[in-house]
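Take a look at the structure below.
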Amino acid sequence: MKLQIGDKVRFLNSTGGGVVKAFQGKNVVLVEDENGFDFPIQAAECVVIPSGDEALRNSRPAPVEQQPEKPRQPEKPEKRDFVFEETPEGERINAFLAFLPVDPKALMQSSYEAYFINESNYFLYFNYMLRENSSCTIRYSGLIEPNTKLFLEEFPKEDINRMERVRFQMIAFKKDKPFAPKNAYSVDLRIDTVKFYKLHCFTANDYFDENALILPVIVNDLAEKQIHISAEELQEAMMRKKGADEHKSQQPSTHKKPENKPLEVDLHINQLLDNTAGLSNAEMLNCQLDKFRETLRENAKNKGCRIVFIHGKGEGVLRSAIEKELKTRYKSHTYQDASFREYGFGATLVTIH
């Protein structure tokens, strides 16, 4: 029998049941029990409870001699206890966001599934949202049980660029038992969307039979903090260390401060993607521009930072697209042709202001 919203069901391989409230994904239904809690469960694990038996009983004729019936007391709902196995390490919350390609053999055209993984002994009420500018859009809101994973959504490849900034908000608790309280979490993730096109970014893991892109959200009770260190900052730190080492062996009067070289970013498509099979010219250009925008965002606070974008000469399509971006979206930055001796006509130097 095909499940429908409103059907009363019981669970095939475990104690419990309830009413079908909604559908999630292809084969998962959301069942609301008599206490008002929602449980995601495979549709194949649900058995519909037919209502015909009760109608049949009510249609039978009453006996000729019948004693007056006492008023029937409302039946108390049967209390079902769902016991979740706890682990010693589960007293610290670890949560992850996972992405799986629907068709791993065709990453350039595949849609993707998103899952939330709760590796702890706590229930988590959570909101999964996408951030755009200063606003957020909820993509999933609900409850995930201890030590489980939950399907969030399937999205087409056209939505990949929107997945760059994700926010999770969540509250942790345990049912019917004392527990160590946890802080409420609000975690912002910045996702390198280029990874969706790189097969080696999807790796073997403990949560799925298939390779997946796993991103930490909470690690040992601490919200994941993504630290972005630009190549220029790393280069400057190395130069300072080198200068300090030289200072020990040279007199201060002869020490010269190392030259601050610009950061180089190679936008050639073969440097960004492992495989471009099946990609149109427009899709490859969008990938290169995504890398260009990401670099400018990461260095937006580094005033005076100089970045050389190596785009090659070619037909000038990428060069023209970069100049258009600089004239419209990044007007505060200055730009010019990079050193001809080092790059020929194939690079643009941008200075952050």
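Only a predicted model underlies this, so the values are computations on that prediction, with no experimental measurement involved.
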Next on the checklist: If I take atom CG from residue Asp192 and atom CD from residue Glu294, how far apart are they, to the nearest 0.5 angstrom?
Outcome noted: 4.5 Å
Checklist entry - Has the side chain of Lys303 got a donor or acceptor atom that lies under 3.5 Å from a matching backbone atom of His353? => result yes
Checklist entry - Would you say Asn281 has more than 12 foreign heavy atoms packed within less than 6.0 Å of its CG? => result no
Checklist entry - Does Arg139 CZ have over 12 foreign heavy atoms under 6.0 Å away? => result yes
Checklist entry - Is the count of non-hydrogen atoms from other residues, nucleotides or ligands lying under 6.0 Å from Lys175 atom NZ greater than 12? => result yes
Checklist entry - To the nearest 0.5 Å, what is the distance between CE (Met163) and CD1 (Ile191)? => result 5.5 Å
Checklist entry - Does the distance from a Lys or Arg side-chain N to an Asp or Glu carboxylate O, for Glu86 and Lys174, drop under 4.0 Å? => result yes
Checklist entry - Looking at side-chain heavy atoms only, is the closest gap between Leu273 and Leu279 below 4.5 Å? => result yes
Item to check | Geometric class of the Tyr125/Phe173 ring pair [parallel <30°, tilted 30-60°, perpendicular >60°] | outcome: parallel
Checklist entry - So if you build clusters from Ile, Leu, Val, Met, Phe, Trp, Tyr with side-chain heavy-atom gaps below 4.5 Å, do Ile41 and Ile5 land together? => result yes
Checklist entry - Are Phe126 and Tyr185 close enough that their ring centres sit under 6.0 Å apart? => result no
Checklist entry - Any idea how Phe96 and Tyr207 line up, ring-wise: parallel (<30°), tilted (30 to 60°), or perpendicular (>60°)? => result tilted
Checklist entry - Salt-bridged, Glu283 to Lys157, with N to O below 4.0 Å? => result yes
Checklist entry - Are the charged groups of Arg190 and Glu298 less than 4.0 angstrom apart, N to O? => result no
Checklist entry - How about Phe116 and Tyr140: are their ring centres within less than 6.0 Å of each other? => result no
Item to check | Cation over ring face, Lys149 and Phe208, 6.0 Å, 45° | outcome: yes
Next on the checklist: Other residues, nucleotides and ligands only: do more than 12 of their heavy atoms fall within 6.0 Å of CG on Asn183?
Outcome noted: no
Checklist entry - For the ring pair (Phe, Tyr, Trp, His ring centres under 6.0 Å) test, which of Phe292, Tyr330, Tyr335 pairs with Phe309? => result Phe292
